[in-house]
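Right, one structure below, let's go through it.
Note that the structure is predicted; figures quoted are calculated from it, not measured.
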Amino acid sequence: AWETARRDTIILDGPVTATVRGIVTGKEIDSQGRWRYEIRLIETEKPVLKRAPAAIRVTALGRGEGLAVGEGIEGRARLSPPSGPALAGLNDFAFDAYFGGVGASGFFYGSPHVWTVPDASKTDALIARWLQGLEALRGEISARIRSILPGDAGAFASSMVTDDRRAMSKETTEALRLAGLTHIIAISGLNMALAAGLFFVGLRALLSLSQEISHRWPVKKIAAGGALVTVTLYYLISGFSVSAERAYIMMAIMLVAVFFGRPSISLRNVALSALAILVFSPSALMGPGFQMSYAATLALVAGYSALQRRLQFMAPMAGIPVFKRFLPAAHFMAGVFMTSLIGGLSTALFSIEHFNRIATWGLPANLLAMPVISFVVMPAALFALVLMPFGLDWLPIRIMGYGLDFVIAVAKWIAAQGGEWVTGQIPAWLFVGMTLGLVVLAIMRSRLRFAGAVLCVLLFLAYLWTPAAPIPNLVVFEDGNLAGIVLDKGIAISESRPSDFILEQWQRALRMRNVIRPDRVKEEQAAKKERPDKNDNKEKRRRLTDEETKAGRIAMKKALAEAPEDRFTCREKYWCVARLSGGLVVIIAQNGGYAGVACDVADVVITPARLKWDSCRSGAELYSGEALRRRGSLEFFLTESDYAPPTLRVLGALDGKMRDWTKHRRYDWRTQTFAATN
């Protein structure tokens, strides 16, 4: 509650086109050379937003050098609030936006230009200017790396150094995800541990070369201090992402423990770092990054502790001269194997919960890639950052590029083997119970820890034996345009070119691979516009003439009569009709003018338009743009019976969830008030 009140982020209540003016506080470039700006919003015009967000993210569609951090920016932009869950139980992006302090995102019409910031809007705060300077430094470092390493290798390198990830192509990002190597992209525990470890071991070895220094001075503590400075500087140029913050706190506590003569790698230090994060940002607990990071760290610390106590499998062969030469390499390869195995197993549950999938070839991919990351890429990155102020960073950056080219090649090869296993959604009791079992297994020192493993096995068996949760017959995204009929063989959708982002979430959650596109009907009226003009929104709200109403009713009935069951037939940008196998007739009135006609024909009517009426006179179920805005994406469950008419149950993704990050959905800009319920 304290964090929610402290953030108090204003989220835009609905899509709007307006002139925005503000100050650039951050920028990133994508793989197509387009800049995405994070802007501290100062004023809006045409219209003036009555409830304007404090910060927005806007993409400039044109290419060029872009505006500098700290400059004023002005342009005509299309802004939208963050979307809600694609289905109940999936990720709510408004939650992330609220606690990230960003109230809207969108794109500029044309290229934005420099705006002279009024003196009253300028900030002289030392912290604000310091943060702007750090952001500018991040941009310069990223630009320098990409100027030496073009393409995906340069984008990969800049993501590992400054957390600037958008410049990487979609193909490479997808390959890394399928191969289970996305943890390398984000600045996380792996990057921080390698940076600290390389500096700590290197400085300690260097100081130990002098007997006088090693005997007179606490070499280990000096090395820990140097490593702490290194990871602090690394964190400052990382852009303060959540994953970097989490990794920095964890690594800082472990290094500070060395100053007091305590073990740096212990479960107590893992717990301390988790508590420190949760005190300042408890919302992090709900994110997949926090859960997966600490699951892996907890499992690795506990796992290696158990291995050191019990598995001395290489000790008997250590005295054999031939084997002794290969012992360091064997230790390293065994370490990489066990780290990948333990990390993959411990995070699998959280990957299933949050992403409804797991990487099936993650272990061999990490075995091939991690030695290169550990011994080539990260050391070269550290040398590059040290030499960059002197202009001598060309060689280490090129070495980074060779290593990352190899990692990308491994990812694409692994991804081509079949990549991932889609699991679908799992029940909450299974996730919570197995998480508890994993915690018991990791933190217990006695044989009681095996109770955690037993609990996980029993819960998994119970999950296999219990009936599967019912699957909806129909799903509708909150924009009111995209709907899908869920079938055994796939999902039949209502748009020819749907949002891949939403469709992929549906496919993973419902375990539907095949996508059936809608059929088209012949035009029954005047030829439709191929490209909507500026008056398209007015066209969608225009009341139909009697002739248009009659023609629309005839066209819808004809399409229903001729179309196969469980498949959409559409007059694109106007309406789509479908008859479900249970006999339910559904019409998506993409043009709100046809909502009234649809009420006369269908059992369920869905439209993105905000209508002046909230029910159909015919008795059909109506879900308008306002209802979708309040309830979010919808799931329709049709229950058939031999002795009673079919019943319809509707589940909204946001039903009963009135939170600070959803209250913008209840805001009415006309009255400037919030509705009492969803």
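Tested against I39, the residues V102, L67, I73 include a single side chain to side chain contact (heavy atoms under 4.5 Å, CB included) partner, I73.
In this structure a side-chain-to-backbone donor-acceptor pair under 3.5 Å is present from N356 to I352. Under a 3.5 Å cut-off, the side chain of S633 and the backbone N or O of A653 do not form any donor-acceptor pair. With E135 contributing its side chain and I237 its backbone, the two residues share no donor-acceptor pair below 3.5 Å. T607 places a side-chain N or O within 3.5 Å of a backbone atom of A589 that can act as its donor or acceptor partner. With hydrogens and angles disregarded, a donor-acceptor distance shorter than 3.5 Å links the side chain of Q507 to the backbone of M512. The closest donor-acceptor contact from the side chain of S238 to the backbone of A244 lies at 3.5 Å or more, if one exists at all.
With sequence neighbours excluded, the residues forming a side-chain contact (heavy atoms from CB on, under 4.5 Å) with E626 are R610, S624, R629, R630, listed by chain and number. Not a single disulfide bond (SG atoms under 2.5 Å apart) links C456 to another residue, sequence neighbours left out. Remark: E621 pairs with Y623 by the side-chain hydrogen bond (donor to acceptor under 3.5 Å, both in side chains) rule, at least two apart or across chains. Scanning for ring-ring contact (aromatic ring centres under 6.0 Å, His included) contacts around F280 gives an empty result, with sequence neighbours left out. Shown here are the side-chain hydrogen bond (donor to acceptor under 3.5 Å, both in side chains) partners of Y248, two or more places apart in sequence or in another chain: T232. With sequence neighbours excluded, the residues forming a salt bridge (charged side-chain N to carboxylate O under 4.0 Å, His left out) with E45 are R21, listed by chain and number. Contacts of F95 classified as ring-ring contact (aromatic ring centres under 6.0 Å, His included), with partners at least two apart in sequence or in another chain: F99, W661. In terms of the side-chain hydrogen bond (donor to acceptor under 3.5 Å, both in side chains) criterion, T25 has no residue partners (sequence neighbours excluded). Residues that satisfy the ring-ring contact (aromatic ring centres under 6.0 Å, His included) test with F350, not counting sequence neighbours, are F431. For N91, the side-chain hydrogen bond (donor to acceptor under 3.5 Å, both in side chains) test picks out D96, with sequence neighbours left out.
There is a side-chain donor-acceptor pair under 3.5 Å between T19 and R76. Inspection of the S281 and S283 side chains reveals no N or O donor paired with an N or O acceptor under 3.5 Å.
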Sequence neighbours left out, cut at 3.5 Å: what donor-acceptor pairs do the side chains of residues 50-60 make with other protein atoms?
{"from": "R51", "atom 1": "NH1", "to": "I11", "atom 2": "O", "distance (Å)": "2.8"}
{"from": "R57", "atom 1": "NE", "to": "E38", "atom 2": "OE1", "distance (Å)": "3.2"}
{"from": "R57", "atom 1": "NH2", "to": "E38", "atom 2": "OE1", "distance (Å)": "3.4"}

Please report, to 0.1 Å, the donor-acceptor pairs under 3.5 Å made by any side chain of residues 473-480, with sequence neighbours excluded.
{"from": "N473", "atom 1": "OD1", "to": "L638", "atom 2": "N", "distance (Å)": "2.7"}
{"from": "E478", "atom 1": "OE1", "to": "G84", "atom 2": "N", "distance (Å)": "3.4"}
{"from": "E478", "atom 1": "OE1", "to": "R665", "atom 2": "NH1", "distance (Å)": "3.4"}
{"from": "E478", "atom 1": "OE1", "to": "R665", "atom 2": "NH2", "distance (Å)": "2.7"}
{"from": "E478", "atom 1": "OE2", "to": "G84", "atom 2": "N", "distance (Å)": "3.1"}
{"from": "E478", "atom 1": "OE2", "to": "R665", "atom 2": "NH2", "distance (Å)": "3.3"}
{"from": "D479", "atom 1": "OD1", "to": "N481", "atom 2": "N", "distance (Å)": "3.0"}
{"from": "D479", "atom 1": "OD1", "to": "L482", "atom 2": "N", "distance (Å)": "3.4"}

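Between I443 atom CD1 and R268 atom CZ the span is 12.0 Å, to the nearest 0.5 Å. Distance check: L622 CG to S615 OG gives 7.5 Å after rounding to the nearest 0.5 Å. E635 CD to W506 CH2: the interatomic distance, rounded to the nearest 0.5 Å, is 9.5 Å. The CD atom of Q291 lies 12.5 Å from the OG atom of S346; values are rounded to the nearest 0.5 Å. How far OG of S351 is from CZ of R357: 7.0 Å, rounded to the nearest 0.5 Å. Atom OG1 of residue T173 and atom CE of residue M168 lie 5.0 Å apart, to the nearest 0.5 angstrom.
Between P112 and E74 the shortest side-chain heavy-atom distance does not fall below 4.5 Å. Under the 4.5 Å side-chain criterion, counting only non-hydrogen atoms from C-beta, E495 is in contact with Q590.
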Step by step, would you call D660 with T9 a side-chain contact (heavy atoms from CB on, under 4.5 Å)?
CA-CA 8 Å; D660 286 70; T9 303; over 6 Å; no
What do the steps show when you test L178 against L176 for side-chain contact (heavy atoms from CB on, under 4.5 Å), and what is the final call?
CA-CA 6 Å; L178 291 173; L176 289 167; over 6 Å; no
May I have the step-by-step check of side-chain contact (heavy atoms from CB on, under 4.5 Å) for L87 and L510, ending in yes or no?
CA-CA 10 Å; L87 289 177; L510 302 171; 4.1 Å; yes
Run the side-chain contact (heavy atoms from CB on, under 4.5 Å) test on T662 and D92 for me, step by step, so that the C-alpha distance in whole Å, both residues' side-chain angles and the decisive distance to 0.1 Å come before the verdict.
CA-CA 10 Å; T662 63; D92 186 354; 4.1 Å; yes
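Note: Y294 and F290 have tilted aromatic rings, judged against thresholds of 30 and 60 degrees for the angle between ring planes.
Atom CG of D668 has more than 12 heavy atoms from other residues, nucleotides or ligands within 6.0 Å. Few gaps surround CZ on R6; more than 12 heavy atoms of other groups in view lie less than 6.0 Å from it.
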